[in-house]
Amino acid sequence: MAADKVDPIHQFHINKLIPIEIGGYDLSFTNSALFMVATVAVASAFLYLSTSSRSLVPSRLQSVSEMAYEFVGNMLRDAAGTQGMKFFPLVFSLFMFVLVANLLGLFPYFFTVTSHIIVTFGLAALVIGTVVVYGFMKHGLGFLKLFVPHGVPVYLLPLVVLIEVISFVSRPVSLSVRLFANMLAGHITLKVFSGFVVSLSALGTLGIAGSVLPLAMAVALTALELLVAFLQAYVFAVLTCMYLNDALHPGH
């Protein structure tokens, strides 16, 4: 038990809460699944309760909800134009899910679902899958113009097309790794400094005095993690808007 308190990796372990096995497949309900459900429940409850009154003079919570709505709406219009608003439910849901999941992960003993690449890759795959499916549905083979920039000399076209295809295929990887790596690294660093505080405090008066610096670092890192939680949700949403713009306007 003592090792768990100072092990910075222990917080990312997947634990089975309700073992479920069907046809040889492990479909157990885990702590990761629990906090994904909690993330959806918290985000949905906040949006519903804060907007249920629909007051002309909004309360503080209603103002926060309206600000989030306008923030994502303006982001989507700036990146993809007014046509992009048809994807508003998707972008807003992704933004709120990532933001709330990041914030819940800052509470002690809570699980950070966005620190697992399987979760972030699933969200990224949803975005890229939407781009590909909608792009071909709307433009047919014209969607392939995305990989053929205008003004490229014919003799360079094969190389440029190859680079564009590799760039497109790497999008879900970069989108998922960026979120996963930032949340993983931040939580490990915070756990390490918190472990220093606990370890030094057990050494007596001199240790307690020495723990002041790592305690201050832990407080500063917590504030930084709050900022990172929002920034990573913003980056994920704004890149989603940019990728959706390619589905709407595949021509360069």
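Both backbone and side-chain heavy atoms feed into the values below; hydrogens, waters and symmetry mates do not. Heads up: numbering here begins at 1 and tracks the sequence.
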Novice: Does the Glu164 side chain pair with the main chain of Val148, one donor and one acceptor, at a distance under 3.5 Å?
Specialist: no
Novice: Could you go through the side-chain contact (heavy atoms from CB on, under 4.5 Å) check for Phe121 and Phe180 one step at a time?
Specialist: CA-CA 9 Å; Phe121 185 80; Phe180 144 78; over 6 Å; no
Novice: For Phe136 and Leu144: C-alpha separation, side-chain torsions, deciding distance, then whether side-chain contact (heavy atoms from CB on, under 4.5 Å) applies.
Specialist: CA-CA 8 Å; Phe136 278 112; Leu144 297 177; 3.8 Å; yes
Novice: Do Lys145 and Asp246 pass the salt bridge (Lys or Arg N to Asp or Glu O under 4.0 Å) test, and can you show the C-alpha distance, the side-chain angles, and the key distance before you say yes or no?
Specialist: CA-CA 10 Å; Lys145 292 189 296 183; Asp246 289 339; over 6 Å; no
Novice: I'd like to know if the side chain of His187 and the backbone of Phe12 have a donor-acceptor N/O pair within less than 3.5 Å.
Specialist: no
Novice: Using a distance-only test with no angle check, is there a side-chain donor-acceptor pair under 3.5 angstrom linking Ser176 and Thr120?
Specialist: no
Novice: Judged by atom type as modelled, is there a donor-acceptor pair below 3.5 Å linking the side chain of His139 to the main-chain atoms of Ala247?
Specialist: yes
Novice: Is the count of non-hydrogen atoms from other residues, nucleotides or ligands lying under 6.0 Å from Leu162 atom CG greater than 12?
Specialist: yes
Novice: Going from CD1 on Ile117 to CG on Leu184, what distance comes out if it is rounded to the nearest 0.5 angstrom?
Specialist: 9.5 Å
Novice: Let me confirm one number: the CG-CZ distance from Leu104 to Phe35, rounded to the nearest 0.5 Å.
Specialist: 7.5 Å
Novice: Measuring from Ser115:OG to Asn102:CG, what's the distance to the nearest 0.5 Å?
Specialist: 9.5 Å
Novice: Would you give the length of the straight line joining atom NZ of Lys191 to atom CG of Leu221, rounded to the nearest 0.5 angstrom?
Specialist: 14.0 Å
Novice: Can you tell me if Ser44 uses its side chain to pair, donor with acceptor, with the backbone of Ala41 under 3.5 Å?
Specialist: no
Novice: Does His116 use its side chain to pair, donor to acceptor, with the backbone of His13 at less than 3.5 Å?
Specialist: no
Novice: Using every non-hydrogen atom in the two residues, find where Gln62 and Ser50 come nearest and quote the distance to one decimal.
Specialist: CB-O, 3.1 Å
Novice: Which distance, rounded to the nearest 0.5 Å, do you find between the NZ of Lys16 and the OG1 of Thr30?
Specialist: 10.0 Å
Novice: For the atom pair CG (Leu90) and CG (Leu76), what is the distance rounded to the nearest 0.5 Å?
Specialist: 9.0 Å
Novice: Is a side-chain donor or acceptor of Asn31 paired with a backbone partner of Asn15 at a separation under 3.5 angstrom?
Specialist: yes
Novice: I'd like to know if the side chain of Thr222 reaches the main chain of Ala218, judged simply by a donor and an acceptor atom lying under 3.5 Å from each other, with no hydrogens or angles considered.
Specialist: yes
Novice: Is it the case that more than 12 heavy atoms not belonging to Tyr69 sit under 6.0 Å from its OH atom?
Specialist: no
Novice: Between Tyr234 and Phe95, is the ring centroid distance below 6.0 Å?
Specialist: no
